[in-house]
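Counting convention: from 1, in listed order, for ligands and their atoms alike.
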Amino acid sequence: MDDYTKTPLQLPLIDLSQPLTSSSLTTLSQACRDWGFFHIKNHGISKDLYTKICMFSKNILNLPLDTKLKLGPSSSLKTYTPHFIASPFFESLRVSGPDYYSSAKRSGDVLFEAPNPEFYKTMQEYGKKMVELSKQIMIILLKCLGDGFDTKYYESEFGQCHGYLRINSYSPRGNVEYEAVEGLGMHTDISCITILHQDEVGGLQVKGKDGKWIDIKYSEGELVVNIGDLLQAWSNGKFRSSQHRVVLRKPSNRLSLAFFWCFEDEKMIVAPDVVEKERIYRPFLCGDYIRFKVISEKGRFDKVKYTIDDFAVVDTALTDV
Ligand SMILES: O=C(O)CCC(=O)C(=O)O
Ligand SMILES: [Fe+2]
């Protein structure tokens with residue numbers, strides 16, 4: 001595969017059960033500026049809950065294609081992305097907040113012959129926990145941006161954020177033999193933050209400023225957090241929304257749960273007054289950026305053609321991300 005650094009990336013691991021010291025805030029700020037990725041542990045999501053979600057997810061994604069296609073992409077629900085849209089190896093199911101129970105039920109009513117309340121309840125529990133976790137992480141990130149930023153900006157700027165979950169499944173296709181393929185091509189996330197559970201198969205990679213790909217390692221009990229485009233813009237480029245991808249090293253199945261925490265569509269995104277340098281992005285409506293991405297990528301996320309810099313940058317000379 002293309003330019004690749006073999007040693008996995010050393011990223012900060014934030015223990016959410018402990019108060020953060022000022023030195024851990026400094027290390028985290030640096031990682032968010034350089035990589036836009038870090039790990040968290042003691043996040044309050046039990047192994048049991050993951051085991052249950054994985055079981056439900058596998059059961060759903062093992063259903064016949066005809067059944068899954070009732071959920072999209074051309075149905076009204078559009079919660080299912082089949083193979084060959086993002087990549088031949090990738091398919092996904094979406095569950096949206098704030099009512100994760102009802103969202104899962106809407107898909108479940110189409111998929112299952114009998115009601116499956118256990119699945120809906122599990123998705124609700126996971127969605128609720130992810131929302132709490134996103135708030136906790138956002139507050140920490142605001143502290144990284146400036147003293148008192150959490151109390152000053154959390155409620156007014158991030159108080160209306162919402163989330164959705166994507167269950168991503170990667171599987172070998174036909175008799176294809178491969179050493180390493182892109183299961184999900186290079187992209188950035190639109191979100192403020194993404195909280196990701198990758199399984200032990202690993203394969204998530206981030207692209208460094210040197211242009212080389214580097215592995216984000218899997219460790220049991222840890223979750224990966226990454227900065228998305230919306231927070232890169234709101235932080236005036238102090239946090240980086242990095243390009244990342246998933247590489248499948250040998251024919252194997254892989255499951256990941258990605259939770260995207262986003263501003264509401266109507267939100268005008270403007271970096272706060274206290275930015276140290278001129279604003280590098282013009283103010284823009286969150287929904288306009290999302291529409292721009294959807295139109296420019298036509299539903300694909302395997303190629304980064306346009307990013308937040310193409311959409312809203314004022315002066316490229318000011319960008320250091
Ligand atoms: O499957 C993964 O580990 C990453 C998924 C991802 O980057 C995404 O869904 O945006
Ligand atoms: Fe992503």
Side-chain angles (χ1 to χ4, degrees), residues 1 8-9 11 32 35-40 45 50 53-54 57-58 61 72-73 78-83 85-97 126-127 130 134 137 163-172 180-208 213-232 239-249 252-262 289-290 293-294 297 299-308:
M1 300 217 78
L9 183 56
L11 291 169
C32 289
W35 296 99
F37 273 81
F38 58 96
H39 298 277
I40 54 172
I45 319 264
Y50 276 115
I53 297 183
C54 291
S57 306
K58 283 178 189 161
L61 291 157
K78 293 195 176 37
T79 49
Y80 174 64
T81 304
H83 289 115
I85 293 203
S87 101
F89 309 93
F90 174 98
E91 60 182 330
S92 77
L93 181 74
R94 180 183 162 128
V95 182
S96 300
Y126 189 70
M130 280 290 130
S134 301
I137 294 167
Y164 65 92
L165 172 71
R166 215 165 49 210
I167 301 167
N168 298 324
S169 167
Y170 302 82
S171 46
V181 287
E182 276 190 354
L184 184 62
M186 174 174 88
H187 67 282
T188 61
D189 292 348
I190 296 177
S191 57
C192 287
I193 55 171
T194 304
I195 305 175
L196 180 82
H197 178 267
Q198 64 164 337
D199 66 11
E200 66 287 350
V201 176
L204 177 65
Q205 294 186 336
V206 59
K207 196 174 199 176
W213 289 102
I214 182 160
D215 289 325
I216 307 271
K217 68 177 171 44
Y218 160 83
S219 286
E220 187 164 353
E222 294 177 13
L223 297 175
V224 177
V225 179
N226 67 280
I227 307 290
D229 299 345
L230 297 174
L231 193 57
Q232 175 172 312
F239 290 160
R240 177 181 164 86
S241 171
S242 288
Q243 295 175 346
H244 54 282
R245 68 176 181 182
V246 174
V247 168
L248 305 172
R249 291 240 161 64
S252 53
N253 293 296
R254 178 181 189 274
L255 193 77
S256 73
L257 306 174
F259 181 81
F260 303 93
W261 185 240
C262 300
Y289 179 57
I290 293 171
K293 284 286 275 192
V294 170
E297 289 169 15
R300 298 179 68 96
F301 43 109
D302 59 337
K303 295 267 175 295
V304 177
K305 285 201 200 98
Y306 301 102
T307 66
I308 194 79

Peer 1: As an exercise, identify every atom of ligand 1 less than 4.0 angstrom from a heavy atom of H187.
Peer 2: 6 (C), 7 (O), 8 (C), 10 (O)
Peer 1: Which ligand 1 atoms, with their elements, are less than 4.0 angstrom from a heavy-atom of S256?
Peer 2: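 The list of qualifying atoms is 1 (O), 2 (C), 3 (O).
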Peer 1: What part of L184, side chain from CB on, backbone N/CA/C/O, both or neither, has a heavy atom under 4.0 Å from ligand 1?
Peer 2: side chain
Peer 1: Which atoms of ligand 1 have any heavy atom of F260 under 4.0 Å away?
Peer 2: 8 (C), 9 (O), 10 (O)
Peer 1: Quick one: which of M186, Q205, Q198, R254 has a heavy atom closest to atom 2 (C) of ligand 1?
Peer 2: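 Answer by nearest heavy atom: R254.
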Peer 1: Listing residue and atom name, which protein N/O/S atoms are closer to the Fe ion (ligand 2) than 2.8 Å?
Peer 2: H187 NE2, D189 OD1, H244 NE2
Peer 1: Give the intermediate values and the outcome of side-chain hydrogen bond (donor to acceptor under 3.5 Å, both in side chains) for residues S96 and R94.
Peer 2: CA-CA 6 Å; S96 300; R94 180 183 162 128; 3.2 Å; yes
Peer 1: Within a distance under 4.0 Å of any heavy atom of V246, pick out the atoms of ligand 1 and give their elements.
Peer 2: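 In order of number, 1 (O), 2 (C), 3 (O), 4 (C).
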Peer 1: Could you check whether the rings of Y50 and H197 sit parallel, tilted or perpendicular, using 30° and 60° as the cut-offs?
Peer 2: parallel
Peer 1: So, taking the atom named CG in D189 and the one named CG in D229, what distance separates them when rounded to the nearest 0.5 Å?
Peer 2: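 Here the rounded value is 7.5 Å.
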Peer 1: Going by the order shown, which atoms of ligand 1 are within less than 4.0 Å of some heavy atom of N168?
Peer 2: 1 (O), 5 (C), 9 (O)
Peer 1: Mind checking whether R245 contacts ligand 1 via backbone (N, CA, C, O), side chain (CB onward), both or neither, at a 4.0 Å heavy-atom cut-off?
Peer 2: neither
Peer 1: Determine whether a donor-acceptor pair (N or O, by modelled atom type, separation under 3.5 Å) exists between the side chain of Q232 and the backbone of S241.
Peer 2: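 Yes: the side chain of Q232 pairs with the backbone of S241.
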Peer 1: Just how far is it from atom CE of M186 to atom OG of S242, taken to the nearest 0.5 Å?
Peer 2: 11.5 Å
Peer 1: Which heavy-atom pair separates Y289 from T307 by the least distance, and what is that distance?
Peer 2: OH-C, 3.5 Å
Peer 1: Is F90 touching ligand 1 with its side chain, its backbone, both, or neither, if touching means heavy atoms under 4.0 Å apart?
Peer 2: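 It is neither; nothing of F90 touches ligand 1.
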Peer 1: After noting the C-alpha distance and the side-chain angles of Y218 and D199, does the key distance pass the side-chain hydrogen bond (donor to acceptor under 3.5 Å, both in side chains) rule?
Peer 2: CA-CA 7 Å; Y218 160 83; D199 66 11; over 6 Å; no
Peer 1: Testing the basics here: between R245 and L184, what is the closest heavy-atom pair and its distance to 0.1 Å?
Peer 2: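 What the structure gives for the nearest pair is CB-O, 3.2 Å.
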Peer 1: Can R240 be said to sit on top of W35's aromatic six-ring, NZ or CZ under 6.0 Å from centre and within 45° of the ring axis?
Peer 2: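 Relative to the ring axis of W35, which defines the angle, R240 lies outside at least one limit.
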Peer 1: If you round to the nearest 0.5 Å, how far is CG of L93 from OG1 of T79?
Peer 2: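 Interatomic distance, T79 OG1 to L93 CG, rounded to 0.5 Å: 5.5 Å.
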Peer 1: I'd like a table of donor-acceptor pairs (distance under 3.5 Å, sequence neighbours excluded) in which one partner is a side-chain atom from residues 253-262, with atom names and distances.
Peer 2:
| residue | atom | partner | partner atom | Å |
| --- | --- | --- | --- | --- |
| R254 | NE | G202 | O | 2.7 |
| R254 | NH2 | Q198 | OE1 | 2.8 |
| S256 | OG | N168 | ND2 | 3.2 |

Peer 1: Using a strict cut-off of 4.0 Å, indicate which atoms of ligand 1 neighbour a heavy atom of H244.
Peer 2: 7 (O)
